[in-house]
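Everything quoted here is computed from the prediction, not taken from an experiment. Just so it is clear: chains get the letters A, B, ... in the order the sequence lines come, proteins before strands, and each one is counted from 1.
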Amino acid sequence: MGRDRRYRERVYQIVRAIPPGRVMTYGGIAALIPPPRGTDWTGYVRVRARWVGYSMAECPDDLPWHRVVNAQGRISPRPGLSARLQRAVLREEGVRFDRNGRLDLDRLFWRPSRRWLRARGLLDPAA
DNA sequence: TCCTTGACTCAGA
DNA sequence: CTCTGAGCCAAGG
């Protein structure tokens, strides 16, 4: 299911850059990655967040996968125990969750600098 | 080949 | 706030 290796690597590269105590969303990450060659732009926009999700499902253990949450600021449910672990690790990093299991994206969402993006051929949403 | 199933998101109800 | 359905793509049964 996972897109091609090149796409996943781009996802992991971005996730690795998220600082402790900060988070990014699936869609937020996807918005930085250009559509693969031959992919229709409008179609890509509709599926890219899921592609990131699929990529995360098979991510290597050495990256801070726990810093990726969904657009509602909640931990996406999935089979296995990693969802619970994710919340625990985030709390260790100082992330607070409200009674609905939601964190404050306005404060915690992390955006790479333009310079960082440009150096890696990624998209700058503010451009 | 057809159908289901996803670590998604957004707009409606 | 919660719950659906739609939109879209690729793998696997």
Report the distance from atom CE of A:M24 to atom P of B:dC8, rounded to the nearest whole Å. 16 Å
How close do A:L103 and A:F97 get, counting heavy atoms only, and between which atoms? CD2-CE2, 3.9 Å
To the nearest Å, how far apart are A:Q72 CD and B:dA7 P? 15 Å
Here the distance between atom P of B:dT9 and atom CZ of A:R48, to the nearest Å, is 10 Å
Rounded to the nearest Å, what distance is computed from the CZ atom of residue A:R8 to the P atom of nucleotide C:dA11? 10 Å
To the nearest angstrom, the OH-P distance between A:Y54 and B:dT4 comes to 15 Å
Can you build the contact string for nucleotides 1-7 of chain C? Use B for base contact, S for sugar-phosphate-only contact, and - for no protein heavy atom under 4.0 Å. SS----B
Please state the C1' separation for the pair B:dA7 and C:dG13 - nearest whole angstrom. 22 Å
If you round to the nearest 0.5 Å, how far is CZ of A:R16 from CD1 of A:I14? 11.0 Å
Rounded to whole Å, how long is the line connecting atom OH of A:Y7 with atom P of C:dC9? 13 Å
Using whole Å, report how far OH of A:Y26 lies from C1' of B:dC8. 9 Å
Spacing between A:W51 atom CH2 and C:dA10 atom C1', to the nearest angstrom: 9 Å
Of all the nucleotides listed (C:dC9, B:dT9, B:dA7), which has the minimum atom distance to the side chain of A:N70? B:dT9
What about the rings of A:Y26 and A:W51, do their centers lie closer together than 6.0 Å? no
Establish, yes or no, whether the cationic atom of A:R120 lies under 6.0 Å from the six-membered ring centre of A:W116 and within 45° of the ring axis. yes
Please step through side-chain hydrogen bond (donor to acceptor under 3.5 Å, both in side chains) for the pair A:Q86 and A:R91, ending with a clear verdict. CA-CA 9 Å; A:Q86 178 171 7; A:R91 300 222 309 169; over 6 Å; no
Closest to the A:A71 side chain: B:dC10, B:dA7, B:dG6? B:dC10
I'd like to know whether A:L123 forms a side-chain contact (heavy atoms from CB on, under 4.5 Å) with A:L117, so could you lay out the CA-CA distance, the side-chain angles of the two residues, the decisive distance to 0.1 Å, and finally the verdict. CA-CA 6 Å; A:L123 302 177; A:L117 292 171; over 6 Å; no
When you get a sec, tell me which of B:dA7, C:dC9, B:dT9 is the closest nucleotide to the side chain of A:W65? B:dA7
Ignoring hydrogens and angles, tell me if any N or O in the side chain of A:R22 forms a donor-acceptor pair with the backbone of A:F109 under 3.5 Å. yes
